[in-house]
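Everything below concerns the one structure shown next.
Quick caveat: nothing in here was measured; it's all calculated off a predicted structure.
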Amino acid sequence: MAEIEVKLRAGMARNGIGPAAQENIVRSITSFALYGFPESHAASFALLAYASAYLKCHYLAAFTCACSTTSPWAFIPPPF
């Protein structure tokens, strides 16, 4: 973020944006960066985890077949 902030501030200065406004913009972006990515990533993972659990519980054959035709196993060991 520090590298991006330097470039961002230089660009804002070139476009006539004053130091107070720059600080406000950088603070807003930094605040969102700290919250936005982890929150959206967690929501996406939760949806996938819920859908996988539902399929495993209610449609085990289809779930097992789907697991055997994909390969995320570099991160997670296969369930069989």
Gap between atom [atom2] of [Y] and atom [atom1] of [X] - 0.5 Å precision:
X: Phe45; Y: Ser52; atom1: CZ; atom2: OG; value: 8.5 Å
X: Leu60; Y: Leu55; atom1: CG; atom2: CG; value: 10.5 Å
X: Thr30; Y: Ile4; atom1: OG1; atom2: CD1; value: 9.5 Å

Exercise for the section: Please tell me if the side chains of Met12 and Val26 come closer than 4.5 Å, counting only heavy atoms from C-beta onward. Expected result: yes
Problem - Residue pairs fulfilling side-chain hydrogen bond (donor to acceptor under 3.5 Å, both in side chains) with at least one residue in residues 10-29, sequence neighbours excluded - result: Arg9-Glu23
